[in-house]
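Notes follow once the structure below has been shown.
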Amino acid sequence: MAHRADSPARAAPTARRRVSLFTAVGLSAWRAAVGTLVSALSSANSAVTMFLIVRATTPV
């Protein structure tokens, strides 16, 4: 059904709760989130290390 201009506006959807850790789907979602965080931190660490190496070896 299409939204008409003269119909009342719908209420905004409510915020969802966090996924429960005590289900298979919840455990998988949390593991994926933690894995993503670890990967991002590892990439940031590599970038900072490479920057410091280049900075240290570049003559002033």
Side-chain donor-acceptor distances from residues 50-60 under 3.5 Å, at least two apart:
residue	atom	partner	partner atom	Å
Thr57	OG1	Ile53	O	3.0
Thr57	OG1	Val54	O	3.2
Thr58	OG1	Val54	O	2.5

Show which side-chain atoms of residues 35-47 pair as donor or acceptor with protein atoms under 3.5 Å away, not counting sequence neighbours.
residue	atom	partner	partner atom	Å
Thr36	OG1	Ala32	O	2.8
Ser43	OG	Ser39	O	3.2
Ser46	OG	Ser42	O	3.2

For Val25, what are the other residues in its hydrophobic cluster, where any two members join if their side-chain heavy atoms are less than 4.5 angstrom apart? none

